[in-house]
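Remarks on the structure that follows.
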Amino acid sequence: MALLIDIKHPEWMKDEELRAELLHFYPEADIRTGNDPGDPAEIEMLTVSSYFPGEALQYPNLKVIQKTGAGVNNILADQELPESVQVARLQTSTSGVEMAEYALAFVLQEQRHLRQYQTQQTRSEWNSYPPRKAADTTVAVLGLGRIGLLVAQRFIDNDFKVVGWSRSLKDIPGVECYAGEDGLPAALEFADYVVSVLPSTPQTRGMFNSGVFKSFNPLAFFINLGRGDQVNETDLMQALDDDLLAGAILDVMSIEPLPADNPMWLHPKIQLTPHVSGYHLGDAIFDIADNYRRLQNGEPLLNLVDIERGY
Ligand code: NDP
């Protein structure tokens with residue numbers, strides 16, 4: 001039984017380096033890398049970051065696909081994914097903390113008018129603006145899973161008012177919770193910042209459209225850290241042009257890398273980052289070695305995805 005690491009993003013993580021780290025944890029493991037996979041019939045576990053449709057079919061004895069992250073939408077969207085293949089994700093304690101920090105950084109940038117001051121400096125202008133008080137500012141966190149809870153807590157710790165939205169209703173100290181499609185307008189209504197950390201599922205894909213942008217507070221900033229396919233990007237640009245919301249900070253886009261001629265690059269109310277809000281995997285990578293061991297021993301795997309639910 002072999003584990004094949006085929007990340008496909010060497011600029012982010014090299015297969016050989018992950019292999020070395022996992023072997024340190026589990027020296028007896030048969031771990032191979034994308035450039036030297038050996039006999040495909042021996043591969044029972046596949047670790048990927050990007051996944052292409054039909055990839056699972058290359059390995060006739062594949063039992064589990066382990067994502068090096070949390071978003072498994074591309075794997076689950078594969079029409080040819082055999083039913084016998086389980087899908088596991090990684091827990092996100094390290095990347096979730098980074099995502100909370102990212103969201104806070106952009107919120108504080110607006111609270112303290114840092115973009116205006118940067119522009120003013122280019123013109124040698126001396127104008128001051130009052131900082132917005134955290135206690136008078138509401139942050140809506142969409143998705144209250146592993147990452148959403150870390151994001152919500154970060155804003156609570158910084159004295160913001162926090163509302164949250166999820167599929168099932170939660171009871172989280174310090175968070176005014178809403179759930180389901182009917183609960184979304186109320187979660188958005190008074191939010192000054194809307195931070196989305198939702199997974200991409202059939203229910204969430206395309207959900208940020210012209211109808212939903214009408215529920216935004218016109219002064220709100222939308223910070224999307226979940227997945228780009230949740231946003232109708234044409235509707236977003238129109239909503240920004242129509243002042244239905246004040247700005248958008250997008251770490252994820254429907255096409256990545258975003259093509260150079262995409263109009264979002266130049267939209268004055270959009271700030272883009274190249275899918276970096278959650279970057280490091282931290283100790284979560286050792287769950288890959290643990291899942292390999294569990295697979296070998298016939299034990300239940302860690303962080304299995306509910307394929308029906310889509311996350
Ligand atoms: P979890 O599975 O722990 O949480 C998902 C949350 O979304 C849950 O609260 C769930 O509700 C909620 N949710 C799912 N579907 C709906 C829906 N239809 N309506 C309302 N709420 C819904 O996931 P994580 O927090 O670990 O990760 C979330 C996503 O973040 C990942 O799927 C990935 O796409 C993205 N991500 C982005 C990264 C980046 O760098 N930009 C890095 C890592 C992850 P309930 O609690 O009721 O089930």
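First listed ligand is number 1; within each ligand, the first listed atom is number 1. Positions are given from 1, in the same order as the sequence printed here.
Heavy atoms of Thr201 stay at 4.0 angstrom or farther from ligand 1. For Gly226, the closest heavy-atom approach to ligand 1 falls below 4.0 Å. The shortest heavy-atom distance from Trp165 to ligand 1 is under 4.0 Å. Ligand 1 lies nowhere less than 4.0 angstrom from a heavy atom belonging to Gln91.
Residues meeting the ring-ring contact (aromatic ring centres under 6.0 Å, His included) test with Phe106, sequence neighbours left out: Tyr102. For Phe190, there are no ring-ring contact (aromatic ring centres under 6.0 Å, His included) partners at least two apart in sequence or on another chain.
If you check each of Leu198, Val252, Thr204, Leu144 against atom 9 (O) of ligand 1, the one with the closest non-hydrogen atom is Leu144. Relative to atom 16 (C) of ligand 1, the option among Arg167, Met207, Lys170, Lys67 with the closest non-hydrogen atom is Arg167.
With respect to atom 3 (O) of ligand 1, the closest heavy atom belonging to the protein is Arg146 N, 2.9 Å. The protein atom (non-hydrogen) at minimum distance from atom 6 (C) of ligand 1 is Gly145 N, 3.6 Å. Given atom 5 (C) of ligand 1, the protein heavy atom at minimum distance is Pro199 CD, 3.7 Å. Remark: minimum distance from atom 2 (O) of ligand 1 to any protein heavy atom is reached at Tyr311 CD1, 3.3 Å. Among all non-hydrogen protein atoms, the one lying nearest atom 42 (C) of ligand 1 is Met99 SD, 3.5 Å. Nearest protein heavy-atom contact of atom 44 (C) of ligand 1 is Ile147 CD1, 3.4 Å. Protein heavy atom in closest approach to atom 37 (C) of ligand 1: Leu225 O, 3.1 Å. Given atom 1 (P) of ligand 1, the protein heavy atom at minimum distance is Arg89 NH1, 3.7 Å.
With Asn297 contributing its side chain and Glu299 its backbone, the two residues share no donor-acceptor pair below 3.5 Å. Put simply, the side chain of Gln66 never gets that close to the backbone of Ile288: no donor and acceptor are under 3.5 Å apart.
In the hydrophobic clustering of ILVMFWY residues, with side-chain heavy atoms under 4.5 Å counting as a link, Ile75 and Tyr59 come out together.
Residue Val197 touches ligand 1 through its backbone alone, judged by heavy-atom distances below 4.0 Å. At a heavy-atom cutoff of 4.0 Å, ligand 1 is contacted by the side chain of Arg227 but not by its backbone.
Every atom of ligand 1 with a heavy atom of Asp251 under 4.0 Å away is listed here by number and element: 39 (C), 40 (O), 41 (N).
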